[in-house]
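The structure presented is a predicted model; accordingly, all values stated were derived computationally and were not measured.
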Amino acid sequence: MRKEIELIDSHIHATGIDFLNYYTPRIPSTHSLKETISEISEGGISKAVIFPFPGTLYYNPTKILKFGSWEPSGLEDFPYQVENSSLLREIKIENADSFFFPFLAFDPKEKVLEQCEYLRLERQFFGIKIHTLATRSTPSDVDDRLLSIVEEKDIPIIFHTGKQENTKADLVVTFAKHHPNIRVGLAHLAGFDKAILEKVACLPNLYIDTSPLVSLCYFAQNKGLRERYLSSRIVELDYGDVIDVVLNLYSLIGSKLIWGTDAPFGSFSDKSGKLVVNFSYKDEVAILNKLLKAGYVDVVRQIAGQNIKEFIFGKQAI
Ligand SMILES: [Zn+2]
């Protein structure tokens, strides 16, 4: 039964080094493609949407860490030039095309023309990832130059969401409302924000990923972590029971809910060097296995299969 189901992870980071994490120092700062392939294979996952790490060496890490100023390093002509091309190159070298749907990282506030020229020429990607925190941007910074590429290629854009003003999930909802022809992804369950989850259910072009669900449920059960990482308008669920959380989210969001792990960020430390959570890829995959064991085969087929394909390719393409 388990082997017959094609399972997809909608949110993984790999290749390269996140230099800001490396020098802060904070883990994780890297995740090799080989390690990623092993993890997903051992977990019985067939494919994964894969992004580079959030940071880019277009900006000089010394200036950021020492002075808080964001200046070009001279190492790249435009943001994510090396990070994106390395991701695609490593997938080729490892002969791993069948494992991945690469999404390329984009900075909507810097050298947009140059990034768009690169995207127009590159064919080996399936979507765009905008890390609003790492790029200090909001979804409304995305202009027509990127939008026209996204519409032409008929690919989705996924946005990081979090607690900082520019990363708030309602900005992604507004973007999805303004662009009904574009498939939009909202990462990290909007910190379980009740109002946002309800809005996602009503917007046909907006999808929400569960990454990293085990960690998010852990945060929800701890007052300090909840305040630090989750919404202040959290939906009432039994967060001690991850399966119950998935089933409740599925009944609310249905075809718009997509399973993702955010690997390797299921284990990360804060700026003081303290490990905040320490979950593994296996812990995230265990959710799907528990659901299958309990007979929720259709739920798994949707959230880790059909829904993700619809997000990537559009409903009419499947
Ligand atoms: Zn992520």
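- By the 4.0 Å N-to-carboxylate-O rule, Arg120 lies close enough to Glu152 to be salt-bridged with it.
- Remark: Gln306 pairs with Gln302, Glu310, Ile318 by the side-chain contact (heavy atoms from CB on, under 4.5 Å) rule, at least two apart or across chains.
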Identify each donor-acceptor pair in which a side-chain atom of residues 171-182 lies under 3.5 Å from a protein atom, sequence neighbours left out, and give them as a table.
from   : atom 1 : to     : atom 2 : distance (Å)
Thr174 : OG1    : Asp170 : O      : 2.9

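- Distance check: Lys47 NZ to Ile312 CD1 gives 8.0 Å after rounding to the nearest 0.5 Å.
- Residues forming a side-chain contact (heavy atoms from CB on, under 4.5 Å) with Leu113 (at least two apart in sequence, or on another chain): Glu117, Arg145.
- Residues Lys34 and Glu94 are paired through a salt bridge, judged by an N-O separation under 4.0 Å between the basic side chain and the carboxylate.
- Taking the ring pair (Phe, Tyr, Trp, His ring centres under 6.0 Å) definition, one finds that His131 meets it with His160, sequence neighbours left out.
- Listed by chain and number, the residues in a side-chain contact (heavy atoms from CB on, under 4.5 Å) with Ala190 are Ala169, Leu186, Asp193, Ile196, Ile208 (sequence neighbours excluded).
- By the 4.5 Å side-chain criterion applied to Ile, Leu, Val, Met, Phe, Trp and Tyr, Phe53 is assigned to a cluster that also includes Phe265.
- With salt bridges taken as basic N to acidic carboxylate O contacts below 4.0 Å, one links Lys92 and Asp97.
- For the ring pair (Phe, Tyr, Trp, His ring centres under 6.0 Å) test, residues two or more places apart in sequence or in another chain that qualify with Phe101 are Phe126, Phe313.
- Considering CD1 of Ile303 and CH2 of Trp259, their distance stands at 8.5 Å, rounded to 0.5 Å.
- Thr36 places a side-chain heavy atom less than 4.5 Å from the side chain of Phe100.
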Query raised in the report: Hey, mind stepping through Thr135 and Phe106 against side chain to side chain contact (heavy atoms under 4.5 Å, CB included) and telling me if it holds?
Result: CA-CA 8 Å; Thr135 55; Phe106 192 87; over 6 Å; no
Report task. Go through Ile157 and Val184 one step at a time and tell me if the side chain to side chain contact (heavy atoms under 4.5 Å, CB included) criterion holds. Result -> CA-CA 5 Å; Ile157 308 183; Val184 179; 5.6 Å; no
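- Put simply, NZ on Lys256 and CG on Leu203 are 6.5 Å apart, with the number rounded to the nearest 0.5 Å.
- Using a 4.5 Å heavy-atom threshold, the side chains of Glu284 and Leu213 count as touching.
- Under the 4.5 angstrom side-chain criterion for Ile, Leu, Val, Met, Phe, Trp and Tyr, Val82 has no cluster partners at all.
- Note on Tyr80 and Tyr118: separate hydrophobic clusters, where clusters join Ile, Leu, Val, Met, Phe, Trp and Tyr whose side-chain heavy atoms are under 4.5 Å apart, directly or indirectly.
- With hydrogens and angles disregarded, a donor-acceptor distance shorter than 3.5 Å links the side chain of Asn248 to the backbone of Asp244.
- Residues that satisfy the side chain to side chain donor-acceptor pair (under 3.5 Å) test with Thr261, not counting sequence neighbours, are Asp9.
- In this structure, Ile12 CD1 and Ser211 OG are separated by 10.0 Å, a value rounded to the nearest 0.5 Å.
- Listed by chain and residue number, Lys223 satisfy the side-chain contact (heavy atoms from CB on, under 4.5 Å) test with Glu227 (two or more places apart in sequence, or in another chain).
- Atom CZ of Phe159 and atom CG of Leu133 lie 14.5 Å apart (nearest 0.5 Å).
- Lys194 NZ: 12 or fewer foreign heavy atoms inside a 6.0 Å radius.
- You'll find the side chain of Asn21 stays beyond 4.5 Å of the side chain of Thr30, heavy atoms only.
- Remark: aromatic rings of Tyr229 and Phe268 are close, center separation under 6.0 Å.
- Other residues sharing the hydrophobic cluster of Ile27, ordered by chain and number and joined by side-chain separations under 4.5 Å: Leu275.
- The pair Arg136-Asp107 does not count as a salt bridge, with every side-chain nitrogen at least 4.0 angstrom from each carboxylate oxygen.
- Phe19 shares a hydrophobic cluster with Ile17, Leu20, Tyr22, Tyr23, Leu57, Tyr58, Tyr59, Ile64, Leu65, Trp70, Leu75; the chain of contacts runs through ILVMFWY side chains whose heavy atoms sit under 4.5 Å apart.
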